[in-house]
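Below is one structure; the comments refer to it alone.
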2 protein chains.
Amino acid sequence: MLSKKTKYGIKALAFLAKQPDKNPVQTSEIASNENISSKFLESILLDLRKSGFLGSKKGKGGGYYLIKKPEEILMTSVIRVLEGPIAMVPCVSLNYYEKCIDCPDEDTCSVHKLMIQVRDSTLNVLGNNTLADLS
Amino acid sequence: MLSKKTKYGIKALAFLAKQPDKNPVQTSEIASNENISSKFLESILLDLRKSGFLGSKKGKGGGYYLIKKPEEILMTSVIRVLEGPIAMVPCVSLNYYEKCIDCPDEDTCSVHKLMIQVRDSTLNVLGNNTLADLS
DNA sequence: TGCATAACCTATTAATCCTATAGGTTAATA
DNA sequence: TATTAACCTATAGGATTAATAGGTTATGCA
């Protein structure tokens with residue numbers, strides 16, 4: 001299951017992506033349009049800025065804006081930043097790999113092989129969608 | 001991410017699937033072979049019995065055994081019973097649907113459409129794998 | 001009949017993670 | 001100089017997960 005954080009983050013990015021111009025949009029405006037707690041969204045947007053998706057401007061007329069074009073932002077990278085691993089088990093994660101304690105040999109693990117298939121099919125979908133495809 | 005419960009449950013089912021005969025296997029034997037806490041596994045196997053995957057026999061020589069043939073057990077149904085929804089958001093779940101509070105219209109929701117794609121690709125993988133495919 | 005065995009069941013804990021809020025600081029604008 | 005809105009840290013409350021404890025019931029066997 002996607003966390004609320006990820007879901008809200010995607011919605012916020014999509015909201016910014018459909019803006020007619022590149023003017024900064026305030027947290028409160030995104031929050032009210034997408035029915036998100038403004039304070040919670042604040043921390044999410046801050047994350048997205050720190051990870052290079054958003055730029056920001058302080059003070060009156062300030063807000064957040066997309067740094068790259070929507071069609072250049074892959075959903076794989078968005079989800080990895082907001083949610084973490086895309087894989088369903090750490091031992092098949094490409095970006096967040098962790099060995100299983102209970103699993104002596106990954107090659108013979110029944111779960112492992114199945115979860116690689118799931119991971120690859122999910123990566124295929126998310127890697128073929130950008131922010132521009134969400135609207 | 002898959003819960004430990006689901007992961008252990010799949011491993012246990014796969015362990016039973018590769019037994020040469022249909023004799024009951026004790027919880028403790030599965031637990032030690034798969035490096036799972038015996039007590040924790042106990043509750044998982046109980047779940048799997050109640051949901052119709054396993055039969056059980058009490059007393060000496062007792063244990064758990066598969067009711068159906070491994071090739072008849074779809075991984076979709078296994079995961080739905082152990083983990084719950086396969087979808088990443090409740091609003092695209094086929095078996096555990098729930099409306100989003102923050103989302104006035106699913107058809108125009110940016111997350112919705114993407115998550116339907118992810119769901120379908122995952123269903124495709126899990127629906128084409130049975131317990132027999134795991135070994 | 002009675003003992004050993006292993007499933008069955010309920011409750012509870014400890015730990016972790018998620019969601020959200022509070023309250024203040026900094027920088028930009030007018 | 002006042003207002004605005006991003007920035008930052010801490011924390012609370014809740015939910016969920018992983019695991020343990022401790023007992024009950026049913027079966028097989030001597």
Side-chain angles (χ1 to χ4, degrees), chain A residues 1-12 16 23-32 34-67 79 82-85 88-90 96 98 100-102, chain B residues 1-12 16 23-32 34-67 79 82-85 88-90 96 98 100-102:
Chain A
M1 279 285 154
L2 276 195
S3 64
K4 293 271 175 67
K5 179 187 173 184
T6 303
K7 188 183 165 196
Y8 294 164
I10 295 175
K11 285 178 117 184
L16 289 174
N23 291 337
V25 182
Q26 300 161 26
T27 304
S28 58
E29 189 186 336
I30 305 176
S32 65
E34 298 293 340
N35 303 300
I36 307 171
S37 147
S38 191
K39 265 294 190 182
F40 190 24
L41 182 60
E42 209 179 284
S43 66
I44 299 169
L45 295 179
L46 215 46
D47 262 18
L48 288 170
R49 196 218 58 188
K50 287 177 184 171
S51 39
F53 291 99
L54 300 179
S56 65
K57 202 180 157 193
K58 287 184 175 179
K60 184 161 191 177
Y64 290 97
Y65 51 91
L66 286 178
I67 285 186
I79 290 190
L82 290 169
E83 185 80 9
M88 294 183 87
V89 280
Y96 298 84
E98 253 178 81
C100 300
I101 325 165
D102 58 296
Chain B
M1 280 283 158
L2 276 195
S3 64
K4 293 271 174 69
K5 178 186 173 185
T6 303
K7 189 182 165 197
Y8 293 164
I10 295 175
K11 284 179 118 186
L16 290 173
N23 291 337
V25 182
Q26 299 162 26
T27 304
S28 58
E29 189 186 335
I30 305 176
S32 65
E34 297 293 341
N35 304 301
I36 307 172
S37 148
S38 191
K39 265 294 190 183
F40 190 25
L41 181 59
E42 210 179 282
S43 66
I44 298 169
L45 295 178
L46 216 47
D47 261 19
L48 289 170
R49 197 219 59 189
K50 287 178 183 169
S51 40
F53 290 99
L54 300 180
S56 66
K57 205 180 155 193
K58 285 185 177 180
K60 186 162 189 177
Y64 290 96
Y65 52 91
L66 287 178
I67 284 186
I79 290 190
L82 290 169
E83 186 79 9
M88 295 184 86
V89 279
Y96 299 83
E98 254 176 82
C100 299
I101 326 165
D102 57 297

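In what follows, chains carry the letters A, B, and so on, assigned in the order in which the sequence lines appear, proteins first and then strands, with residues in each chain numbered from 1.
Separating the CG atom of A:Asn23 from the P atom of D:dA5 is a distance of 14 Å, rounded to the nearest angstrom. One interatomic measurement links the two molecules: OH of A:Tyr64 to P of D:dT4, which rounds to 18 Å at whole-angstrom precision. In this structure, B:Glu29 places its CD atom 16 Å from P of C:dT5, rounding to the nearest Å. Taking atom CG on A:Leu41 and atom C1' on D:dC7, their separation rounds to 14 Å, with Å as the unit. Here C:dA20 presents its P atom at 10 Å from NZ of A:Lys7, a figure rounded to the nearest Å. Nucleotide D:dA18 holds its P atom 9 Å from the NZ atom of B:Lys5, rounded to whole Å. Atom CG of A:Asn35 is separated from atom P of C:dT19 by 17 Å (rounded to the nearest Å). In this structure, the NZ atom of A:Lys4 is 11 Å from the C1' atom of D:dA15, given to the nearest Å.
Residue pairs satisfying the salt bridge (charged side-chain N to carboxylate O under 4.0 Å, His left out) criterion with at least one member in residues 52-63 of chain A, sequence neighbours excluded, are absent. Applying the side-chain hydrogen bond (donor to acceptor under 3.5 Å, both in side chains) definition to pairs two or more places apart or across chains, those involving residues 44-53 of chain A are A:Lys5-A:Asp47.
Within the 4.5 Å cutoff, no side-chain heavy atoms of B:Ile67 are placed close to those of B:Leu54. Looking at A:Ser37 and A:Glu42, their side chains never come closer than 4.5 Å, going by heavy atoms from C-beta outward. By the 4.5 Å heavy-atom criterion applied to side chains, A:Leu16 and A:Val25 are counted as neighbours. A heavy-atom distance below 4.5 Å is found between the side chains of A:Thr27 and A:Tyr64. Using a 4.5 Å cut-off on side-chain heavy atoms (C-beta onward), A:Leu2 and A:Leu82 make no contact.
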Under a 4.0 Å heavy-atom criterion, the protein footprint on nucleotides 22-30 of chain C, written with B, S and -, is BB--BSBS-
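When heavy atoms are screened at a 4.0 angstrom cut-off, A:Thr27 is found touching the sugar-phosphate backbone but no base atom.
Phosphate contact (OP1/OP2 of D:dA6, side-chain N/O of A:Tyr65, threshold under 4.0 Å): absent. For the OP1/OP2 pair of D:dT17 and a distance below 4.0 Å, the side-chain nitrogens and oxygens of B:Tyr8 include no atom meeting the criterion. Regarding contacts with the backbone of D:dT20, a side-chain N or O of B:Ser37 is found under 4.0 angstrom from either OP1 or OP2. Applying the 4.0 Å criterion to OP1 and OP2 of D:dC7, one finds that A:Ser56 has a side-chain N or O inside that range.
Residues from residues 43-55 of chain A placing a heavy atom under 4.0 Å of any atom in DNA chain D, listed by number, are A:Leu46, A:Arg49, A:Lys50.
Residues satisfying the side-chain hydrogen bond (donor to acceptor under 3.5 Å, both in side chains) test with A:Glu83, not counting sequence neighbours, are A:Ser3, A:Thr6. Residues satisfying the side chain to side chain contact (heavy atoms under 4.5 Å, CB included) test with B:Ile36, not counting sequence neighbours, are B:Tyr8, B:Glu34, B:Leu41.
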